[in-house]
K.L.:
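This is the structure I have questions about; it appears just below.
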2 protein chains.
Amino acid sequence: MPEATARSSGSRQSAIQLAPMEVPKASDVLARELRERILSGEFAEGAALPPERELVVQTQMSRATIREALRILEVQGLVRIKTGRAGGAFVQRPNKDAVASSVSLLIRGRQIRLSALLETREAIEPYCAQLAALHRTAEDLDALDAANDAIADDGSPLAAFLQANVDWHVAVATASHNELLTGFMTALSQAIYTATENERFVDQEVRRLTVRAHRSITKAIRAQDPDAAVRRMNRHVHSYAAAVLKVDKRTEISVAGGA
Amino acid sequence: MPEATARSSGSRQSAIQLAPMEVPKASDVLARELRERILSGEFAEGAALPPERELVVQTQMSRATIREALRILEVQGLVRIKTGRAGGAFVQRPNKDAVASSVSLLIRGRQIRLSALLETREAIEPYCAQLAALHRTAEDLDALDAANDAIADDGSPLAAFLQANVDWHVAVATASHNELLTGFMTALSQAIYTATENERFVDQEVRRLTVRAHRSITKAIRAQDPDAAVRRMNRHVHSYAAAVLKVDKRTEISVAGGA
DNA sequence: CATTTGCTAATGGTCCGACCTAAGTCACCT
DNA sequence: AGGTGACTTAGGTCGGACCATTAGCAAATG
């Protein structure tokens, strides 16, 4: 790759020199302005932004430009747009779903392997369990029990098991009362869910072991025993990862062998 | 909040029942379609999507609709749009910047406290160091050394120190060769940077200690000693967090006292 | 009176067509 | 040869029109 080293493109040099200038797009300018006002708290959550046509007269921009700006904010999770009378753009604080979706795109786009997802979970979740043991409330414990009861339901289909499994893990993260950690774990759990959906290794035995491990971890969290919580969670996610990867590898081999 | 419990709004019940139907927006449909094709690999990275006017004739949608769809993909980091002749929408795989920006919005929007950020780093980074010790390459070591040398430069301003600090931590994550973990750490480091920018506790002593800790951790990573890496990193981020929070708390008190 | 139905207004969604701006290409002129 | 400017192709912006959805109110209806 030959890098251009010249300071000008080879023509005569005038005495006057100007730096390259940035010309931002109008919709970006408006989006940035609105975003700053939202994040600064100037617009309260749930407040309605002016209607598009009103923004047109206020900003002197065209409606297309304004709509693009609103679309940007919508994708970023900063506003929610409702149609119809009394509709409009309503201010929203970004939530973990926005993070989850962008993480999901990263995973799909860069084809991050299941092993990397499980590895990441092994990094994060034991610490979540530790914090959960320290900060859990009664409601957190209820959520944990509810999710685990749903997992214990033998008759439920695979999808229900996996969803309940996700719910339990997210409940652990929620009990940590660290919103950022919760956001990461939500995104991660969802991704592991979809990646595991086609795995065939989830049988009654796996379910039984899962429920037992969850119960044990929940017990430590209830007892506010951070050491036990981190230790048991570590063991749980590690053994789960090992089990998944064993099946995963076997599948790869059988696929490769069958071709 | 009185929740509506009725299944219909109180009128006569016809025998025929219909579920609420979703009517997606045209731009969302197009965005979804293009997104799937990009993620499935049908469009290679760097490939140019058809020009807007060409998409108009292909999809029978208006240009405004198509532009909104492209704007969605742009915000999600799936395409990059260039103006001028030979411009257009070029396919891009989402990178960690997209995750970092959405995490940044989450942090600002939900006013996540610095203590939570540091807590999250304590969860993630020791594991990163462990993986780095296992998987680091020679290039990774070079990056670590370069970043730490930049930190050691006593004469540099605060911003340079903080940036070099971020670079080093990101380099550790990169050395783990887990793209998801790297994405998380990039987002997190950037956020901690901005949150720490105004802290006044970074003096020469802090710099000296930081450099020393980094050197020690780098040494463990170089020696491929995961246990030492995780232990030292744990200690480093923990003591850094304690130091920051001490100043943070003092600042809060002095502000409260002065008011 | 209660319910249903229909009308009206407000607001986002879509479309069309025009023009502006940015940036390669290339022929022409010096 | 080298610069200059017209041409061309792309996105960016604009204005206006009309459609679709929904809330609220009014009229019809039993």
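Residue numbering restarts at 1 for every chain, and letters A, B, ... go by the order of the sequence lines. Being a predicted model, the structure only gives us computed values, none of them experimental.
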K.L.:
Return the value, rounded to whole Å, for the distance between atom CD of A:Glu22 and atom C1' of C:dA22.
P.N.:
16 Å
K.L.:
Of the non-hydrogen atoms in B:Ile124 and B:Leu188, which two are nearest, and what is the gap between them?
P.N.:
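Looking at all heavy atoms of both residues, the shortest contact is CD1-CD2, 4.4 Å.
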K.L.:
Can you build the contact string for nucleotides 9-16 of chain C? Use B for base contact, S for sugar-phosphate-only contact, and - for no protein heavy atom under 4.0 Å.
P.N.:
BBBBBBB-
K.L.:
Could you check whether any side-chain N or O of B:Thr182 sits under 3.5 Å from a backbone N or O of B:Ala173, counting only pairs where one atom can act as donor and the other as acceptor?
P.N.:
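Pair found, side chain donor or acceptor close to backbone of B:Ala173.
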K.L.:
May I have all residue pairs that pass side-chain hydrogen bond (donor to acceptor under 3.5 Å, both in side chains) and include part of residues 36-51 of chain A, sequence neighbours excluded?
P.N.:
A:Glu33-A:Arg37, A:Glu36-B:Arg108, A:Arg37-A:Glu42, A:Glu45-A:Arg93
K.L.:
Kindly state each residue pair satisfying salt bridge (charged side-chain N to carboxylate O under 4.0 Å, His left out) with at least one member in residues 64-79 of chain B, sequence neighbours excluded.
P.N.:
A:Lys25-B:Glu74, A:Arg67-B:Glu68, A:Glu68-B:Arg67, A:Glu68-B:Arg71, A:Arg71-B:Glu68, B:Glu52-B:Arg67, B:Arg71-B:Glu74
K.L.:
Looking at every non-hydrogen atom in both residues, tell me the closest pair between A:Lys82 and A:Phe90 and how far apart they are.
P.N.:
CE-CE1, 3.4 Å
